[in-house]
Amino acid sequence: RGVREREKQDQTNQPQIREALPDDITRIVEIYNSNPAFLRQHLGKEQVDASFIEKEQADMQSLGFRSCVIEEEGEIIG
């Protein structure tokens with residue numbers, strides 16, 4: 001394989017950042033809830049639900065921010 005083919009292959013194995021989609025909500029909730037100490041410290045609660053994430057995303061969008069996820073090999077990891 002040529003250098004460009006190897007570079008392209010290397011890029012496809014790297015984590016990718018993309019805009020969050022409605023179908024991602026369940027996984028985003030799982031990620032948030034995986035760290036209850038962080039949630040307690042910063043939000044004063046031990047877990048969040050889909051409606052919390054949806055509201056947070058809407059609030060961010062109204063301020064000009066986009067919600068993104070990190071995806072690796074088709075799985076959202078952050």
Side-chain angles (χ1 to χ4, degrees):
R1 294 186 324 185
V3 172
R4 288 188 190 265
E5 288 177 23
R6 282 194 305 274
E7 287 174 355
K8 187 175 182 180
Q9 180 64 34
D10 289 343
Q11 289 174 354
T12 60
N13 291 334
Q14 296 297 316
Q16 303 292 313
I17 297 173
R18 65 164 174 79
E19 194 160 350
L21 303 171
D23 288 346
D24 299 330
I25 297 290
T26 299
R27 181 66 182 130
I28 294 169
V29 168
E30 290 172 354
I31 291 168
Y32 267 67
N33 289 335
S34 71
N35 192 342
F38 176 85
L39 292 175
R40 276 192 305 276
Q41 179 73 26
H42 294 280
L43 300 175
K45 52 178 74 180
E46 300 223 0
Q47 63 182 8
V48 299
D49 59 17
S51 63
F52 174 88
I53 299 297
E54 290 164 350
K55 182 182 181 322
E56 183 174 76
Q57 289 178 335
D59 290 347
M60 289 175 61
Q61 186 175 10
S62 74
L63 296 171
F65 293 97
R66 296 187 310 177
S67 295
C68 295
V69 295
I70 303 169
E71 191 173 62
E72 184 175 56
E73 297 181 5
E75 180 181 343
I76 296 172
I77 61 169

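Here the structure is a predicted model, which is why all the values come from computation and not from measurement. Along the sequence shown, residues are numbered consecutively beginning with 1.
- Put simply, I25 and L43 are part of the same group of oily side chains (I, L, V, M, F, W, Y) that touch within less than 4.5 Å, one to the next.
- Around atom CD of Q61, no more than 12 heavy atoms belonging to other residues, nucleotides or ligands sit under 6.0 Å away.
- We find the CD1-OG distance between I28 and S67 to be 7.0 Å, quoted to the nearest 0.5 Å.
- Residues forming a side chain to side chain contact (heavy atoms under 4.5 Å, CB included) with E19 (at least two apart in sequence, or on another chain): R66.
- The side chain to side chain donor-acceptor pair (under 3.5 Å) analysis of residues 29-39, with sequence neighbours excluded, yields the pairs R27-E30, Y32-E56.
- Taking CD1 from I77 and CD from Q16, the interatomic distance works out to 10.5 Å, rounded to the nearest 0.5 Å.
- For residues 41-78, the set of pairs meeting the ring-ring contact (aromatic ring centres under 6.0 Å, His included) definition, not counting sequence neighbours, comprises F38-H42.
- The SG atom of C68 lies 9.5 Å from the CD atom of Q57; values are rounded to the nearest 0.5 Å.
- If you take NZ on K55 and CG on D49, they are separated by 12.5 Å, rounding to the nearest 0.5 Å.
- Contact of the R18 side chain with the D24 side chain is registered, since non-hydrogen atoms from C-beta on lie closer than 4.5 Å.
- Of all non-hydrogen atoms in A20 and V69, the two that sit nearest each other are CB-CG1, 4.0 Å.
- Sparse packing is recorded around CD1 of I17, with 12 or fewer heavy atoms of other residues, nucleotides or ligands lying under 6.0 Å away.
- Between Q47 and L39, the closest heavy-atom pair is CA-CD1, 3.7 Å.
- Of all heavy-atom pairs spanning G78 and I31, the tightest one is N-CD1, 3.7 Å.
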